[in-house]
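Naming: A, B, ... by sequence-line order, numbering from 1 per chain. Quick caveat, the model's predicted, so the values are computed rather than measured.
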Amino acid sequence: MNSYTAAFAWLFSGKNWAGPTGIGQRLVEHLGYSALTLLIAIVIAVPLGLYIGHTGRGRAVVVPFTGALRALPTLGLVILLALWLGFGLTPPLIALVILAIPPVLAGAYSGIESVDRETVDAARSIGFTGWGALWQVEVPLALPLIVGGVRSAVLQVVATWTVAAYLPLGGLGRFLYDGLPVRDYAEMLGGSIVVIALALALDGAFALVQRAVTPRGVVAGRVSDIRTSTQSPDRKERTWLAPEA
Amino acid sequence: MIEFRDVTKTFPDGTVAVAGLDLAIPPRQVTVFVGSSGSGKTTILRMINRMVDPTSGRVLIDGVDIGSREPVALRRSIGYVMQNSGLLPHRTVLDNIATVPVLRGEKKRDARARARELMTVVGLDGSLADRYPAQLSGGQQQRVGVARGLAVDPNILLMDEPFGAVDPLVRAELQTELKRLQSELDKTVVFVTHDIDEAFLLGDQVVLFKPGGLVGQVGTPAELLENPADDFVAGFIEAGRPRSILR
């Protein structure tokens with residue numbers, strides 16, 4: 001039996017799904033850690049990104065700083081924080097929040113910056129307040145990019161929680177940590193497959209969310225839409241030369 | 001009546017956009033600001049709704065210094081139409097027109113009903129109500145922009161090169177339409193353009209600006225044509241005439 005058939009055999013065996021150390025429980029734990037990480041990252045990074053995008057202030061400081069954060073090796077950071085703070089949820093949580101902040105922040109500020117300045121100026125000119133323009137004009141138009149930032153953070157966080165989940169934590173990484181000492185490669189590979197499937201499924205789900213939050217008026221302006229929804233005038237009709245009705 | 005009293009605007013980089021402007025804009029007439037790029041005409045227009053505040057001097061509407069008025073409330077009481085329409089791309093035609101009444105606290109239903117009426121006023125077919133701006137032609141977008149500017153029935157309508165980005169046929173049509181609208185509505189219209197023909201066609205009063213926000217001449221189109229104040233004014237009017245076919 002090669003290792004993949006063994007892995008799938010492990011994966012589709014009902015007893016591996018049940019119980020407090022089963023795949024079902026680990027999946028719930030993994031999702032829980034990931035959701036908590038993202039929630040914290042969003043609470044920190046989205047308001048900051050909106051502020052930078054809306055005012056243009058702080059860009060020179062925050063953008064290089066988050067770029068530097070991206071370069072930090074997450075596993076090294078987890079170990080460093082664990083040595084400092086002890087074992088438990090906090091060290092990997094901090095490390096992964098640091099990992100998740102840059103893409104969410106970049107999505108938020110680049111989303112706001114991508115909104116046509118002329119549109120925002122027009123909104124202010126007709127009587128939107130600064131907050132009104134932000135919430136009713138800039139955020140709706142920036143939402144696809146904001147969600148895009150969260151989407152790439154999701155992928156990284158779900159993948160990285162695998163290596164961050166040592167004792168006493170759970171999560172899907174436990175199949176790797178538990179399988180390695182006893183050389184249970186079927187369990188290790190099976191666990192990896194679950195992580196991959198989860199990451200792909202979440203990425204797909206966020207792709208759908210991203211599409212759902214794209215304003216219809218923005219989709220309407222795209223070339224593909226215009227090409228399919230309008231018809232060329234009949235060449236024999238001369239009225240198309242006349243001013244529009 | 002809109003008055004500028006010794007208004008100066010200097011930008012942070014030291015550029016003087018407007019220098020010591022004294023100007024009266026009579027009510028219920030069309031006043032056109034004309035001048036080349038960089039003559040400060042848009043800056044002056046934007047002082048009327050406090051999108052720009054003067055460095056010194058005062059702007060008065062009906063005798064009241066607008067420096068004492070809350071900018072957002074002021075803007076909601078003045079119609080504003082700009083080049084490239086400035087419509088909100090994520091809102092339908094109807095919701096774009098209804099934007100300012102809704103901001104002022106009107107019920108959405110009432111605002112939409114009025115928006116529908118305004119579509120007729122500016123010559124837009126009702127079937128376009130649920131379209132998005134990107135699905136309209138440039139001329140249709142400008143009509144929506146005008147309808148939005150009229151939505152709260154303001155006394156003052158500011159128009160910043162509203163027909164600058166549409167083709168000549170559509171522009172001519174929109175100009176005619178604006179003249180018709182004005183004859184029915186009697187607004188105080190301040191219209192910015194760099195096209196002297198457009199200025200003479202639409203303006204009851206024309207203000208010709210020189211670079212640096214200096215007034216070259218103020219008068220009716222006939223006065224400017226017959227008695228240009230100086231060589232600059234004469235040159236600007238002359239340059240606006242079509243030349244190619246004469247050669």
ask   = Measuring heavy-atom distances to chain B, does A/Asp121 have an atom under 4.5 Å in its side chain, in its backbone, in both, or in neither?
value = both
Segment of [X] engaging chain A (4.5 angstrom heavy-atom cut-off):
X        : value
B/Arg104 : neither
B/Leu87  : backbone
B/Arg131 : neither
B/Pro133 : neither

Kindly give the heavy-atom pair with the smallest separation between [X] and [Y], and that separation in Å.
X        : Y        : value
A/Gly217 : B/Ala134 : O-CB, 4.1 Å
A/Gly127 : B/Arg76  : O-NE, 2.6 Å
A/Arg124 : B/Met51  : CB-CE, 3.8 Å

Rounded to the nearest 0.5 Å, how far does [atom2] of [Y] lie from [atom1] of [X]?
X        : Y        : atom1 : atom2 : result
A/Thr129 : B/Arg75  : OG1   : CZ    : 10.0 Å
A/Ile126 : B/Asn49  : CD1   : CG    : 11.0 Å
A/Gln136 : B/Leu103 : CD    : CG    : 6.0 Å

Tell me whether [X] at atom [atom1] has more than 12 heavy atoms from other residues, nucleotides or ligands lying less than 6.0 Å away.
X        : atom1 : answer
A/Arg211 : CZ    : no
B/Asp195 : CG    : yes
A/Arg117 : CZ    : yes

query = Are any non-hydrogen side-chain atoms of B/Arg46 and A/Ser125 less than 4.5 angstrom apart?
reply =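 Side chain of B/Arg46 against side chain of A/Ser125, heavy atoms only: contact under 4.5 Å found.
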Qualifying residue, where the test is side-chain contact (heavy atoms from CB on, under 4.5 Å) with A/Phe128 and the options are B/Val72, B/Thr99, B/Val100 =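 So the option named by the test is B/Thr99.
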